[in-house]
Asker: 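Please see the structure below; I have some questions.
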Amino acid sequence: MIKMEKPWYDRCVIGFGASLGLALLSCVLACWQIGFVLLAMVFVASGMVSYMGIWLAAKRLPKAVEFGNLKTFRDLAELIAKQNAK
């Protein structure tokens, strides 16, 4: 099994999801009170920053890659063939 560690990307994805969820909630609440409009704009802005972070992190190499018990190219080819056969 191949395992890649990419903490920057994972944090940005979580931040993006949280920001957009809170922005949606703020927009719904803004229908009742004007003060939530500013809060919604803050969450949308933080979502945009997180989305830019996702793009930047995706271009970087992962922090670590673990190949488990793979030792040779043949082991890798057999693993890929098994996954494609599913």
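Just the heavy atoms: all of them, side chains too, but no hydrogens, waters or symmetry mates, feed the values below.
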Asker: Nearest 0.5 Å, what's the CG-OH distance between Leu56 and Tyr51?
Answerer: 11.5 Å
Asker: Measure the SG-CE distance between Cys12 and Met52 for me, rounded to the nearest 0.5 Å.
Answerer: 10.0 Å
Asker: Kindly state each residue pair satisfying salt bridge (Lys or Arg N to Asp or Glu O under 4.0 Å) with at least one member in residues 33-58, sequence neighbours excluded.
Answerer: none
Asker: At what distance, to the nearest 0.5 angstrom, does CG of Leu20 lie from CG of Leu25?
Answerer: 12.5 Å
Asker: Give the minimum heavy-atom separation between Ser50 and Ser19, together with the two atoms involved.
Answerer: OG-OG, 4.4 Å
Asker: Contact between Asn69 and Asp75 at the side-chain level, heavy atoms closer than 4.5 Å - yes or no?
Answerer: no
Asker: If you count the non-hydrogen atoms of other residues, nucleotides and ligands that lie under 6.0 Å from CZ in Phe43, is the total more than 12?
Answerer: yes
Asker: Any idea which heavy atoms bring Leu79 and Leu70 closest together, and the distance?
Answerer: CD2-CD1, 4.0 Å
Asker: Is there a path of hydrophobic side-chain contacts, each under 4.5 Å between heavy atoms, that joins Leu29 and Leu24?
Answerer: no
Asker: For Lys82, is there an ion pair with Glu78 - N to carboxylate O distance below 4.0 angstrom?
Answerer: no
Asker: Among the clusters formed by ILVMFWY side chains lying less than 4.5 Å apart, do Trp55 and Val49 turn up in the same one?
Answerer: no
